[in-house]
Amino acid sequence: DYDLIIIGGGSGGLACSKEAAALGKKVMVLDYVVPTPLGTSWGLGGTCVNVGCIPKKLMHQAALLGQALQDSRKYGWQYEEQVKHNWGIMVEAIQNYIGSLNWGYRVSLREKSVTYLNSYGEFIEPHKIKATNRKGQVTYHTAETFVLATGERPRYLGIPGDKEYCITSDDLFSLPYCPGKTLVVGASYVALECAGFLAGLGLDVTVMVRSILLRGFDQEMAERIGAHMETHGVKFIRKFVPVQVEQLEEGMPGRLKVTAKSTEGPEIFEEEYNTVLIAIGRDACTRSIGLDTIGVKINEKNGKVPVNDEEQTNVPYVYAIGDILDGKLELTPVAIQAGKLLARRLYGGSSTKCDYINVPTTVFTPLEYGSCGLAEETAIEEYGKQNLEVYHSLFWPLEWTVPSRDNNTCYAKIICSKQDNNRVIGFHVLGPNAGEVTQGFAAAIKCGLTKELLDETIGIHPTCGEVFTTMDITKSSGQDITQRGC
Amino acid sequence: GPLAPHSRAFGTSAGCGSTFNVQDGSDFQDRVVNNPKPVVVDFHAQWCGPCKILGPRLEKVVAKQEGKVLMAKVDIDDHTDLAIEYEVSAVPTVLAMKNGDVVDKFVGIKDEDQLEAFLKKLIGA
């Protein structure tokens with residue numbers, strides 16, 4: 001019936017569908033959200049729009065505004081009222097915005113003549129899927145080509161009480177009551193970002209970490225992020241894992257008792273919380289869409305789909321994009337780019353492949369972390385320490401001086417390849433507006449940025465970004481980078 | 001008393017029977033398309049701020065027309081098919097319907113005088 005059927009209406013699926021339709025193809029998108037154990041669901045648009053990047057950044061902003069209010073008094077603003085935060089007002093405003101985005105996606109699919117089904121799709125035979133809607137009604141559809149874009153969902157701990165009493169990021173952004181005293185389990189960027197803004201809104205927050213923070217990220221930066229959060233009141237319990245969650249009292253929020261065990265000995269930890277947020281990782285939604293029926297291979301360990309550099313699976317007419325790809329970055333812009341380019345290669349005669357190298361990212365913890373390129377430890381592994389020159393500097397944003405906030409906390413680091421003209425192969429910045437700062441440098445890195453070019457670039461003053469144009473001190477010199485005075 | 005901005009309950013608001021919430025597609029056929037009287041259709045959404053201002057304002061002006069025009073409210077998330085059929089992209093979108101045809105339309109907020117003029121034109125006064 002169709003040229004292309006896409007399973008999954010998130011960042012990747014929607015981008016691919018619109019591009020294919022613009023190229024004149026008959027396209028169908030299926031999107032279906034299986035409700036969370038607590039019953040939370042959402043509309044068209046995928047994780048990013050509904051339970052990811054968008055609400056996350058808005059809540060991060062809410063927390064930053066709280067900090068700004070505190071700073072404002074130092075800048076002369078005077079007001080009598082004690083400032084407090086209303087969770088309900090914030091959630092309603094954010095959910096209203098998300099609602100408008102869901103509708104916007106429906107309209108844009110309609111405008112591009114893409115058929116949209118709010119149904120769960122699964123393969124029943126080659127080239128054919130079964131679509132089941134919320135009411136259980138079933139329809140069947142066939143297509144020449146398929147794209148898997150089903151994304152991921154949060155993983156649970158697998159301990160007593162996890163699904164019954166704990167929430168995940170899927171529930172947090174539309175939670176109809178303030179979470180109160182919260183335990184965040186996990187050390188992923190989701191865990192730290194959520195712990196960060198919850199603490200910023202004034203809540204009592206503890207993070208329980210099994211081993212390291214932000215696995216896969218530059219560990220020096222990860223530890224600095226953690227240290228900053230700790231300085232600002234977030235409690236960390238390191239090297240413990242929860243073994244049981246019991247409900248002491250029902251409510252919105254209720255009272256939960258968490259029991260945890262040390263990973264290094266017999267020590268037990270017990271504490272009461274209003275909310276337990278599990279953020280230990282996400283699993284690909286590939287296990288029950290009939291992939292085995294048509295022979296699409298997945299990585300059994302993590303459920304992800306291995307593809308070649310054209311996003312094709314082992315079954316030639318089935319492609320995959322987005323978070324479910326094995327070994328690729330889980331980022332909205334990557335999924336969108338991959339989706340668009342795939343449609344152009346399939347139907348537009350293009351041969352451009354998605355470039356997964358030097359993709360910039362930002363972690364929106366209270367102290368934001370932007371990066372592009374390699375982590376220091378990865379660079380050392382790939383190039384050898386002697387072939388690298390690492391320049392670094394602490395910096396104090398001008399705006400933080402008046403309120404005397406966090407001196408010698410913001411940090412900038414670039415990793416250069418000595419054998420390649422001191423080419424910048426790793427860019428890291430810890431400070432306010434890290435995403436905005438990093439975006440431009442990502443383009444420069446794509447152009448082959450070197451340390452010399454950076455030095456020749458004149459900085460904009462007074463900004464945080466300018467620190468990268470005047471970095472003199474190398475790690476190898478051992479010189480102190482502590483900032484003194486003005 | 002104050003009008004409920006976008007009440008989803010059965011029954012009517014203070015418009016004394018001139019405003020109703022559309023229940024489904026066939027309800028729309030019966031009470032809007034096949035209505036001998038002209039009907040204004042207010043497409044709105046829960047998440048839409050301006051809708052919460054326009055809704056009560058339009059209801060008030062409709063009530064002043066002494067039953068010569070009726071008002072139907074459609075929540076676009078509850079009745080997406082209907083909204084798509086009538087090509088609603090942004091909300092609020094208000095359609096003026098007479099004998100099953102869309103004879104006029106506007107998108108966004110209007111003040112009371114503008115709404116008065118819109119309704120008078122529909123009634124044919």
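Just so it is clear: chains get the letters A, B, ... in the order the sequence lines come, proteins before strands, and each one is counted from 1.
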Measure the CZ-CD1 distance between A/Arg106 and B/Ile76 for me, rounded to the nearest 0.5 Å. 9.5 Å
To the nearest 0.5 Å, how far apart are OG1 in B/Thr80 and CG in A/Asn118? 9.0 Å
Work out which heavy atom in [X] is nearest to a heavy atom in [Y]; give both atom names and the distance.
{"X": "B/Ser89", "Y": "A/Trp103", "result": "O-NE1, 2.8 Å"}
{"X": "B/Val88", "Y": "A/Val107", "result": "O-CG2, 3.9 Å"}
{"X": "A/Arg110", "Y": "B/Glu87", "result": "NH1-CA, 3.3 Å"}

Under 6.0 Å from the [atom1] atom of [X], do we count more than 12 heavy atoms belonging to anything else shown?
{"X": "B/Lys98", "atom1": "NZ", "value": "yes"}
{"X": "B/Glu116", "atom1": "CD", "value": "yes"}
{"X": "A/Lys18", "atom1": "NZ", "value": "yes"}
{"X": "A/Tyr97", "atom1": "OH", "value": "no"}

I need the residue from A/Gly104, A/Ser108, A/Ser100 with the largest number of non-hydrogen atom pairs under 4.5 Å to chain B. A/Ser100
Quick one, B/Gln46 with A/Gln95, criterion side chain to side chain contact (heavy atoms under 4.5 Å, CB included). Give me CA distance, side-chain angles, the key distance, then yes/no. CA-CA 10 Å; B/Gln46 294 270 298; A/Gln95 287 302 316; over 6 Å; no
